[in-house]
Every structure is written in C-alpha cells, then in structure tokens.
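A note on names: the letters A, B, ... follow the listed sequences, proteins ahead of strands, and every chain is numbered from 1. The figures that follow rest on heavy atoms only: side chains count, while hydrogens, waters and symmetry mates do not.
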2 protein chains.
Amino acid sequence: MSNEQALKQYDAKKYRTPDGYTSDIAVFTILSEKAEPFKPPVMDLHIMLIKRSMTDSEGRPNIEAGKWALPGGFVAPEESAFQSAQRELREETGVSQIHLEHFGVYDTPGRDPRGWIISNAHYAIVPEHHLASREANDDASEVELFSVKDVLELDLAFDHAQIIRDAIEVIKQKLLETTAAKEFLPKEFTYSELQAVLLTVTNDSAIALDAAFARKIKSLPFIQEVEGKKTTRTSKKPTQLYRFIEIEVNNSIYHTKKQ
Amino acid sequence: MSNEQALKQYDAKKYRTPDGYTSDIAVFTILSEKAEPFKPPVMDLHIMLIKRSMTDSEGRPNIEAGKWALPGGFVAPEESAFQSAQRELREETGVSQIHLEHFGVYDTPGRDPRGWIISNAHYAIVPEHHLASREANDDASEVELFSVKDVLELDLAFDHAQIIRDAIEVIKQKLLETTAAKEFLPKEFTYSELQAVLLTVTNDSAIALDAAFARKIKSLPFIQEVEGKKTTRTSKKPTQLYRFIEIEVNNSIYHTKKQ
DNA sequence: TGAATAGTGTCTGTAAGACAGTATCTA
DNA sequence: TAGATACTGTCTTACAGACACTATTCA
C-alpha cells in the first residue's frame, strides 16, 4: 500500500481550504534621540508600519484602505512564510541578513474580511542605520516609524493591533531574556549603549543605575571586554568597549546565572 | 470608500490558496517508574503518538499509512488552530483544561505529499493519571506513549520527526525556564517529586544533588512551603510539602533571580 | 576649573556549593 | 537496629545593591 495509490484517491477539494496564507512582519528599530558628542545615547524603540493605499495595483478600492498595518503579504506556494517574510523585508527595507523570527499565528475566524486568511507573524530587529536609506525612498510617505509607546493609538488594519501588542511583548522579553540586544548595537559597544537599549524595555534599577550596571556588565558571562580598546563617543573620559560572545545562556529559573 | 465596496471586487481565487490547515499536538506526559512506597519517584518524559491506519474512514488507502504520527487534524473554517487542538485533544484523550500552547508552524513546500498543507504545532502537558483511562480505550493499539529518548528512532509520518524534535526542545526549555513543571505535579508536592520532573530534562548537579536541591527549593521565589503539612509518600521520614505560587518570574539575563 | 561621564572602594547581606552530620520513620 | 530519605550545620567564596568617592577629559 503505497503513498502513490493513496494520493491518487485524495481530493483536496473535499475539505474547505483557507482563502490565503500571509506573513506579517513587526520590524523593530531603535532611534537614538539627540546624538550629541560625548553624550551617552537615549533610545526609543520603534516599529515600522505602512499605510495601506486607497486602491490596489489594478486601481480598485483596497481592503482596510488608509489604515496603518504591518508590512507583509501573501505567501507563495513554493516558499515558506519565513522566506516570504525575508523577501518582503528585503523589498520593503532593502535589508537582508537581519534577525527575523516567527512569534505567532493569527487565525481567529473573521480576522480578515476577505475570508479565511491565516497570518504567520514574525518580528525583525533592524539596526537604526539600515533604515536611514529606506526612509529616503520614493514611497516614504507610506512608511513610518512609530514609538512602541503610542503605536497602539493608531487606526490599525485587520487584527494588527493584537499582533503588534504581542510583538511588543515578545521583543521586550527577547531583549531581556536573550542576547538579542546585540542586534541593535555595533559589534563593540560601551556599557551605556547597551544600557540605553535595555532601558527602552525596562526601568529596573539594576539596569538604570550607572554604577550598578557598569559593574554588572563585567560579570555577565556572555559579554567580554575588548581588551585595551576604548572610545570617547559617549563621554569625554574614554570608555571601555565590550562585545557579545557566542555562548549558550542558561536561563533556567532553578539555576544560578553564574556559569 | 468602504470595505464593503472593496470586498465586492475581491476575488480569493485570484491567488493560489493552501490545500489545508492542520493542527498537530505533541502530548507530553511523565511516567513514574516503580512507584514503591517510601521511595522518591524516578520519572521519564513521554510523548503520545498515534499509528496512522492503513485505510481512511471510507476504506481507501491512507497517506503515510502505518507510520507513527502526532495526533491532530484539519482545522475547520469556523475555529482557530488552538481550538482545533483542544478539540482533538479532548477527543483523543478525554482531557480538557490542560496546558496547551502553540510552538511553531510547519509550512516547508513539499512537507505533505497531499499538497500545500500548513501545520500549526502545539504542545500539551498532561499529568500521568489523565492518560490512565485513555490507555484502556478500544483503539489503544493505535495510540502509544514513547520515551522522548527513543521516539525519534521510529518511522514517523510527514515531517513529524522535525516537529517532535522541536517540541522536545521546547518542553525542555519550558520546564526549566517557566513554572510549567507544576502541570506534571499534584498541587502539593515534595522536593524530590519536583526534582524528578526536572531530572527528565537536565542532569545539572544543582538539581541532581539532594542536599543542594532541598535547600534551593526554599529560596525559590515562586515556590512556597505548605506550612505544617508533610507526607510520607516518598520516604519514611515525613517530607515537607510545597506548592507553586502565581507570581511573575523574572527571567532576565541581566538581573538577579532574587526578587 | 567645572561639568559630565565612567568608573572604583567599601560595606552589608544573601546565597551558592561542597560535604559532613543529624532526624525520622518502617520493617 | 539497619537502612533509606530528608534534611541541617558549617565553611568558603561570590556577587548584589547601595552610596560615596575618584578618574579623565573638554570647553
């Protein structure tokens, strides 16, 4: 009894099938406010949204026209949603080789007025400088960065308010529970730069207090001092540079962090 | 320009659509080896699989017949994959109200010979005693529990080997990085019972050594002593009982565990 | 010299890890 | 009383958190 025999008799149309499969991407970046010389950065976490056009490519009225939405699109049968997200991201921002990860599926019946459409949601971490070129593009009026603090006040398409809420929770968790902060930073960074990234998602005193964090960074097993290398980009006093090292982080709640 | 107008002109058939949307469930349970009186348990993590029948309900040869597979099935248009997984789980095991969570999507082109079929994968944690009845069922010959140590040596249907590999990684992580272990335990438990659950996924000495773990359990912020309550089910000397308390666990790699 | 950033010194307390010793019960 | 499990005592070492103090540079 082979699969060939079974396939011959299989009829996909027997079952009701979805009307579409899409990938949506929550693109996060960090904008540094007032990058004055000899000043540590103050950062704010932003998410990239597009404004849905009033008409589609063929000139007909568009669904959810005029609303803000996550970039994304229909997945083709010959690709995975992840590949689709990579493609969309490259098309939208010209950026490839960046951190992209699945974080959820949205399939509540009725979530899309066009029918039974399943969305596979991803988040991406794009360093600030990669979006500089993007912002200067032709259709820049249709693409904008919003602080995660007020993005949810917008008029958002479909169930994207929920997806964005979830994405924000996910990136907060990833920044604090994994070494994902390195995706926002240059290869070598100062304690105050890492601190600025983390302060976009937490207010904890252990991170917010300079002296405490400057001391802590030296004991973190996944961060290494770049010996003898300093910079003056954040202060007049030359500051020690650090880098992330590739080790597995033990995040067990039953273990000590010390490794 | 309303959505109604736009919808009138929308034609789902313009795009190629998926041939199916399924939910698969990796059902985990823990079996206690030799539950002798006055002995702490020795546990082993198991996963529930079904053997695909040779013919379908209409007597025709089945796809991937005779292979072992995750329970699951086609999602109906009026439900979410999560609801579908809940339903399947109830039908398969008679259990509801258990821990069930999405952990991934499987959509690689060609993963299912029947066509473009997207699988939404979940894992479930089912305490041992809930499966006792299940195992006595009529079609028990088609359902079996396998130790996660050797489940991957089976002949598995579709890409279920990959899904199961991922599910095992996920449950290992969840057991160590969240309080999910409570789903396998009675409400009140001894240190050696919690220890036995954790030892199914780690060998770390901080957990494996009795004295160390007996002391550590008292300092864990999410576990509470049940004052004055002891049991003799694991030893002749009455043993202190503990329970999980509902607090948010701070799992940041930049913070101390102390809360 | 003052202002700003980046640290270090020092103290107190908590906890980890190792290992030996003690407590409680059943058969 | 032996044997098994469940702890506790004690010691050493490490780091966390708080707060004051020092270091380095530019304007």
Asks: Which nucleotides of nucleotides 2-10 of chain C have their base under 4.0 Å from a protein heavy atom (B), which only their sugar-phosphate (S), and which neither (-), written as one string 5' to 3'?
Replies: --SBBSBBB

Asks: Starting at atom CG of B/Leu241, determine the distance to atom P of D/dA6, rounded to an integer number of angstrom.
Replies: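 About 11 Å, once rounded to whole Å.
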
Asks: Check whether the side chains of B/Gln240 and B/Tyr191 place a donor and an acceptor atom closer than 3.5 Å, and report yes or no.
Replies: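 Result is no, nothing qualifies.
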
Asks: Are B/Phe189 and B/Phe244, when compared by the centres of their aromatic rings, separated by less than 6.0 Å?
Replies: yes

Asks: Between B/Ile253 (CD1) and D/dA16 (P), how many Å, whole number?
Replies: 14 Å

Asks: Quickly work out the A/Arg233 CZ to D/dT25 P distance and round it to whole Å.
Replies: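 Going from CZ in A/Arg233 over to P in D/dT25 covers 17 Å.
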
Asks: Examine distances only and state if a side-chain atom of B/Ser219 and a backbone atom of B/Lys216 form a donor-acceptor pair shorter than 3.5 Å.
Replies: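 Yes.
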
Asks: Taking the six-membered ring for Trp and the single ring otherwise, decide whether the centroids of B/Phe222 and A/Tyr254 are under 6.0 Å apart.
Replies: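 Yes, ring centres under 6.0 Å apart.
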
Asks: Has B/Ser219 got a side-chain N or O lying under 4.0 Å from the OP1 or OP2 atom of C/dA16?
Replies: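 Answer is yes, contact under 4.0 Å.
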
Asks: Please state how far atom CG in A/Asp204 lies from atom P in D/dA16, giving the value in whole angstrom units.
Replies: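 Roughly 13 Å, once rounded to whole Å.
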
Asks: Consider only side-chain N and O atoms of A/Asp204 and B/His255, and report whether a donor and an acceptor are under 3.5 Å apart.
Replies: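 Short answer, yes.
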
Asks: For the pair B/His122 and B/His102, name the ring-plane relationship: parallel under 30°, tilted 30 to 60°, perpendicular over 60°.
Replies: perpendicular

